[in-house]
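Written out below as structure tokens is the structure these notes cover.
Side-chain atoms are counted along with the backbone in the values below, which use heavy atoms only and exclude waters and symmetry mates. What you see is a predicted model; the values in this text were computed from it and never measured. So that the names make sense, note that chain A is the first sequence line, chain B the second, and so on, each numbered from 1.
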2 protein chains.
Amino acid sequence: MTVPARRRSTRDRPAKAPLSEQAVVDAALAILKSEGLEAVTMRRVATALDTGPGSLYVYVSGRDELLQAMQERVTATIELEKPNPKRWRAQLHALLGRMLDALIAHPGLASVSMADPPTSAATSAALENLLGLLFAGGVAPQDAAWAADIFAALVTFNAIEADTRRVDITEHAEEIARYFAALPPERYPLITANVGALVAGDPRRRFRFAVDVVLDGILARSKDGRPD
Amino acid sequence: MTVPARRRSTRDRPAKAPLSEQAVVDAALAILKSEGLEAVTMRRVATALDTGPGSLYVYVSGRDELLQAMQERVTATIELEKPNPKRWRAQLHALLGRMLDALIAHPGLASVSMADPPTSAATSAALENLLGLLFAGGVAPQDAAWAADIFAALVTFNAIEADTRRVDITEHAEEIARYFAALPPERYPLITANVGALVAGDPRRRFRFAVDVVLDGILARSKDGRPD
DNA sequence: ACCTGAACACCGTTCAAGT
DNA sequence: ACCTGAACACCGTTCAAGT
């Protein structure tokens, strides 16, 4: 005598209360923070919400849109500050630092933000603030527009770098130092002679340096009154 | 009367001549160029080599290593030039341009190169050349080391940008322009007032600008003799 | 040693069946 | 309208069976 076959209906239990895009994005962000980007699968998110993968498609057109929505939500949490011409440079450093922090706190999101178009409310708000700070510093519009692009590159690149060396920051630097030091000096004289400089500086320091270099370059340009 | 069951042995045909890592990477690069990164699956590569997916694991430890090997191979094709102090700046622009071209010619590889560690022969050769050019320009070692990082960010970021707008370059810019122009001016006064500047310049122009800005910033720093 | 192809444990997405 | 879960067409990787 066998147990009567189940599987006759498409459901085993009554339907739950409707979900929402909010709930889906929240669940996905929680998984991202605790387990990383790879763990953010439709099935995993659905399980976290105690439902089937198909249910998510009511709120999100697919995985890519979900990732974009996550990025938008994280970008929206970045604090913006009214530009003050007296301390615009410090404000700019602080803003870019917060952008970097937000991405680092959500490992993997930087790679997403790199692929997405910059057309969203939160991204626009950050861009508006960035332009405001550069204008407060007397940077010409065209220079400011292109500088914003460079800063985006620096933030994203540094966030992705942080994602990779997640495990152990100093161990990672030492590994690279060992690799460089072991290269044949005849073929790589400059690398082997400058291992110290190549791995010097913690990520924060290097990021600040990069931002300063770009700002100095932009300001020099404006001062000269160069034709673009 | 039925056809006698096949599937009794693990093979239907005699074994082929051995493959090689070369052959695997070549096949993968061909697929990358014609169909993009997503199409580079172990199964797809195996099919192109007329074998099963399991065969690839003799030459490559997995998909990630295959992608790294592809990046290494492409990086190795970048032409390097002996630094000449008389025209180091033009040489630097040319080198970075070739790096960008190589990545753009292999859509998707830029995202791979971003995640990988910079420890490979080809990457080291490019870094060695980059350092040589900066030294030829009189840049101090620590500045040169950190500048190399910034240039890597610019090249990778611009290559990924190029990947995204692959389809139609001007159409993409127009789409972004439309989005910016449609934003509410009260909330985004600077964006809406500067749409032209924000989307101005073809990608090449923007890239050259970024490289010049970084160089100017670095050179200003060296001149001042700043303690960084 | 290395090719072969089935098998395992996953994916994203679609869709008929329910409520 | 939206939840449910099976089904489809894929993945990367492993491995016993062959040569």
*For DNA chain D, the dot-bracket pattern of Watson-Crick and G-U pairs whose distances stay under 3.5 Å, | for other-strand partners*: ||.|||||...|||||.||
*Can you sort out the partners of B/Thr123 under side chain to side chain donor-acceptor pair (under 3.5 Å), two or more places apart, ordered by chain and number?*
B/Ser120
*Can you list every side chain to side chain donor-acceptor pair (under 3.5 Å) pair that touches residues 54-67 of chain B, not counting sequence neighbours?*
B/Thr51-B/Ser55, B/Ser61-B/Glu65
*Results of side-chain contact (heavy atoms from CB on, under 4.5 Å) for B/Thr47 - residues two or more places apart only*: none
*Could you check B/Phe157 against A/Ile150 for side chain to side chain contact (heavy atoms under 4.5 Å, CB included), going step by step and ending with a plain yes or no?*
CA-CA 9 Å; B/Phe157 186 82; A/Ile150 304 178; over 6 Å; no
_Qualifying salt bridge (Lys or Arg N to Asp or Glu O under 4.0 Å) pairs, either residue in residues 116-133 of chain B, two or more places apart_ = none
For residues 91-104 of chain A, which side-chain N or O atoms pair as donor and acceptor with protein atoms under 3.5 Å away, sequence neighbours left out?
| unit_1 | atom_1 | unit_2 | atom_2 | d |
| --- | --- | --- | --- | --- |
| A/Gln91 | OE1 | A/Asn84 | N | 2.7 |
| A/Gln91 | NE2 | A/Glu81 | OE2 | 3.4 |
| A/Gln91 | NE2 | A/Lys82 | O | 2.9 |
| A/His93 | NE2 | A/Asp212 | OD1 | 2.8 |
| A/Arg98 | NE | A/Glu79 | O | 2.9 |
| A/Arg98 | NH2 | A/Glu79 | O | 2.8 |
| A/Asp101 | OD1 | A/Arg204 | NH1 | 3.1 |
| A/Asp101 | OD1 | A/Arg204 | NH2 | 2.7 |

*Could you tell me which residues satisfy side-chain contact (heavy atoms from CB on, under 4.5 Å) with B/Ala147, sequence neighbours excluded, listed by chain and number?*
B/Leu134, B/Phe151, B/Ile218
_Within residues 54-70 of chain A: residues closer than 4.0 Å to DNA chain D (heavy atoms)_ = A/Gly54, A/Ser55, A/Val58, A/Tyr59
*Sorted by first residue and then second, give each salt bridge (Lys or Arg N to Asp or Glu O under 4.0 Å) pair with at least one member in residues 18-38 of chain A; sequence neighbours left out.*
A/Asp26-A/Arg73, A/Glu35-A/Arg44
*Residues in contact with DNA chain C, drawn from residues 36-47 of chain B - heavy-atom cutoff 4.0 Å*: B/Arg43
*Gap between atoms CD and C1', on B/Glu21 and C/dC2 respectively (whole Å)*: 16 Å
Just list the side-chain donor-acceptor pairs under 3.5 Å for residues 188-197 of chain B, sequence neighbours left out, or say none.
| unit_1 | atom_1 | unit_2 | atom_2 | d |
| --- | --- | --- | --- | --- |
| B/Tyr188 | OH | A/Ala121 | O | 3.4 |
| B/Thr192 | OG1 | B/Tyr188 | O | 2.8 |
| B/Thr192 | OG1 | B/Pro189 | O | 3.2 |
| B/Asn194 | ND2 | B/Leu190 | O | 2.8 |

*Kindly say if A/Thr51 contacts the phosphate of D/dT4, meaning a side-chain N or O under 4.0 Å from OP1 or OP2.*
yes
*Listed by chain and number, what are the salt bridge (charged side-chain N to carboxylate O under 4.0 Å, His left out) partners of B/Arg43, not counting sequence neighbours?*
none
